[in-house]
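Below: one structure, written as structure tokens.
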Amino acid sequence: MRGVIMHGPGDVRVEERERPQIVQPTDAIIRVPASCICGSDLWPYRGIEEMNGPNPMGHEYVGIVEEVGDDVSIIKPGQFVVGSFFASDNTCEICQAGYQTHCIHRQPAAATGAQSQYVRIALADGTLVATPDQPDPELIPSLLAASDVLGTGWFAAVAAQAGPGKTVAVVGDGAVGLLAVLAARQLGTERIIAMSRHEPRQKLAREFGATDIVEERGDEGVARVKELTGGLGAHSVVEAVGTQESMMQAIRSTRPSGHVGYVGVFHDVELPVAELFFSGITLHGGPAPVRRFLPEFIDLIWNRQIDPGKVFDLELPLDQAAAGYQAMDTRQAIKVLLRS
């Protein structure tokens, strides 16, 4: 099969690889019609995150089940499925509490790399959710978004306690931040402030439900959010980047009694404990428990109530993955879909 391998910073290749096989009896093999590039894939691409040798890439996926292990009883060959980037048994106490990314048996779901024609999925019964039938082709991008960025943006909005009567500010205008806007709107938020300097992303934010756009960053961005909220700050703030600047912008844009939902994969972020102590705000976040939300997402997408696939503004064949990485790295694309 063909699959994406990152050999080092800026070095992405599509190579012939061995097709994955069942290893554990709880595994499934799925054929992947579409995968995508994640913003977190850019950290090693930029050399910010270290790599230990060539690495198969991709953790977002949808596909058709080709084969299952002997212990898989819920997921069946022929089903179209969506899964999370972490595998979980979905039965332990932590999973039952809705935090499948912290499952006591968690592991990478797509260890063989989802940017490929086939992928092995661990703990298939607990990780994968089948769609009602084979989806119409136009639904595949949105179902693919559900495997990570929709779930991550949604969890950020939930962690920030977005909802009716709240003002939500979103720091970060990548796919996760944009889908946090969509999530906040779905959760009943009337006022949503999207922080973005890029016109195409501002336009999509408004389509998803943003009512205000703030182009300023850092202290100026904080001041603008406070100006829009009577000097108090937002009730709920989403941090969807993972840098020191974005985290501080999120914290300082939140009013006392407010909540920050942080989901940006962090790099060199230090929290100011003294400032937090006197801020009166709550921080909650981390890797999103996408599996918690998948049944709801599939229903919303299947019935065409939401269209998160709009975040894919560039579609390429799998063999052109290197061009997709470059487009996202240079912000020429919000998110790239790869057709296998």
Side-chain angles (χ1 to χ4, degrees), residues 20 26-38 40 58-68 72-90 95 98-101 103 106-155 175-176 179 182-183 186 287-312 315 335-340:
T26 50
D27 289 345
I29 305 299
I30 67 172
R31 176 167 55 85
V32 183
S35 60
C36 54
I37 301 169
C38 183
S40 63
H59 54 265
E60 301 162 277
Y61 56 90
V62 294
I64 299 166
V65 179
E66 295 275 313
E67 183 183 0
V68 297
V72 178
S73 59
I74 299 172
I75 297 301
K76 308 292 185 184
Q79 289 179 319
F80 193 95
V81 292
V82 186
S84 171
F85 50 85
F86 270 123
S88 58
D89 59 26
N90 206 38
C95 287
Y99 284 81
Q100 290 90 337
T101 41
C103 173
R106 82 169 184 181
Q107 55 186 290
T112 60
Q115 293 168 15
S116 58
Q117 293 174 303
Y118 295 87
V119 63
R120 176 172 63 86
I121 303 299
L123 301 176
D125 274 344
T127 303
L128 300 172
V129 179
T131 58
D133 202 342
Q134 296 298 313
D136 293 335
E138 65 267 22
L139 292 183
I140 289 178
S142 285
L143 291 169
L144 179 58
S147 73
D148 183 352
V149 286
L150 174 60
T152 299
W154 197 285
F155 174 61
V176 169
L179 290 174
L182 180 151
Q186 286 292 310
V290 171
R291 177 62 181 81
R292 183 206 302 184
F293 306 110
L294 279 179
E296 180 180 2
F297 291 165
I298 290 171
D299 182 66
L300 288 169
I301 292 165
W302 200 263
N303 292 299
R304 291 169 168 78
Q305 293 178 259
I306 60 173
D307 188 8
K310 288 181 179 180
V311 295
F312 295 108
E315 182 175 318
K335 192 165 180 67
V336 176
L337 185 146
L338 300 172
R339 294 281 184 182
S340 301

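We count residues from 1, following the sequence as given.
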> Would you call Ile298 and Pro132 a side-chain contact if the rule is heavy atoms closer than 4.5 Å?
Replying inline: yes
> Looking only at heavy atoms, what is the nearest atom pair of Ile29 and Pro20, with distance?
Replying inline: CD1-O, 3.8 Å
> Just by modelled atom types, is the Ala124 backbone N or O under 3.5 Å from a matching donor or acceptor in the Thr127 side chain?
Replying inline: no
>> As a quick check of understanding, evaluate salt bridge (charged side-chain N to carboxylate O under 4.0 Å, His left out) for Asp148 and Lys335, giving each step before the final call.
In response: CA-CA 12 Å; Asp148 183 352; Lys335 192 165 180 67; 5.9 Å; no
> Does Gln134 reach the main-chain N or O of Gly78 with its side chain, forming a donor-acceptor pair under 3.5 Å?
Replying inline: yes
> With a 4.0 Å cut-off, would you call Glu138 and Arg304 a salt bridge?
Replying inline: yes
>> If you compare all heavy atoms of Ala114 against all heavy atoms of Ser35, which two are closest, and at what distance to 0.1 Å?
In response: O-CB, 3.3 Å
> Roughly how far apart are Leu337 CG and Cys36 SG, rounded to 0.5 Å?
Replying inline: 6.5 Å
>> Here's a test for you: under side-chain contact (heavy atoms from CB on, under 4.5 Å), which of Ile301, Leu294, Leu128 qualifies with Val82?
In response: Leu294
> Measuring from Cys95:SG to Asn90:CG, what's the distance to the nearest 0.5 Å?
Replying inline: 5.5 Å
>> What's the separation between atom CZ in Arg106 and atom CZ in Phe85, rounded to the nearest 0.5 Å?
In response: 9.5 Å
> So how far is it from Leu143 CG to Asp136 CG, rounded to the nearest 0.5 Å?
Replying inline: 10.0 Å
> Is a side-chain donor or acceptor of Ser142 paired with a backbone partner of Leu139 at a separation under 3.5 angstrom?
Replying inline: no
> What's the shortest heavy-atom distance between Gly63 and Pro33, and which atoms?
Replying inline: CA-CD, 3.6 Å
>> I want to check a possible cation-pi pair here: Arg31 against Tyr118, using under 6.0 Å from ring centre and within 45° of the ring axis as the test.
In response: no
>> With heavy-atom distances below 4.5 Å as the criterion, would you say the side chains of Pro77 and Glu67 are in contact?
In response: no
>> Determine whether Arg339 and Val32 satisfy the following criterion, side chain to side chain contact (heavy atoms under 4.5 Å, CB included), listing intermediate values before the conclusion.
In response: CA-CA 8 Å; Arg339 294 281 184 182; Val32 183; over 6 Å; no
> Can you tell which of Val81, Thr26, Ile30 makes a side-chain contact (heavy atoms from CB on, under 4.5 Å) with Ile121?
Replying inline: Ile30
> What's the shortest heavy-atom distance between Thr101 and Pro287, and which atoms?
Replying inline: OG1-O, 3.1 Å
> When you measure from the side chain of Asn303 to the backbone N and O of Asp299, does any donor-acceptor pair fall under 3.5 Å?
Replying inline: yes
>> Are the side chains of Pro308 and Val149 in contact, using a 4.5 Å heavy-atom criterion?
In response: no
> Can you tell if the side chain of Leu123 reaches within under 4.5 Å of the side chain of Gln107, non-hydrogen atoms only?
Replying inline: yes
> Would you find a donor on one side and an acceptor on the other, under 3.5 Å apart, between the side chain of Ser340 and the backbone of Ser116?
Replying inline: yes
> Can you name the closest pair of heavy atoms from Gln115 and Ile37 and give their distance?
Replying inline: NE2-CA, 3.8 Å
> Under 3.5 Å, is there a donor-acceptor pair between the side chain of Thr152 and the main chain of Ala288?
Replying inline: no
> Under 6.0 Å from the six-membered ring centre of Phe86 and within 45° of its axis: does the NZ or CZ of Arg291 meet both?
Replying inline: no
> Considering all heavy atoms of both residues, which atom of Val65 and which atom of Val68 are nearest to each other, and what is their separation?
Replying inline: CG1-CG1, 3.6 Å
>> Can you classify the ring geometry of Trp154 versus Phe293 as parallel (below 30°), tilted (30 to 60°) or perpendicular (above 60°)?
In response: tilted
>> Keeping Ser84 on the side-chain end and Pro289 on the backbone end, is there a donor-acceptor pair under 3.5 Å?
In response: no
> Hey, does Trp302 have a side-chain heavy atom less than 4.5 Å from the side chain of Asp133?
Replying inline: yes
>> Keeping Asp125 on the side-chain end and Ser73 on the backbone end, is there a donor-acceptor pair under 3.5 Å?
In response: yes
> Does the side chain of Ile306 come within less than 4.5 Å of Gln186's, by heavy atoms?
Replying inline: yes
> About how many Å separate CG of Leu182 and CG of Leu150, when rounded to the nearest 0.5 Å?
Replying inline: 6.5 Å
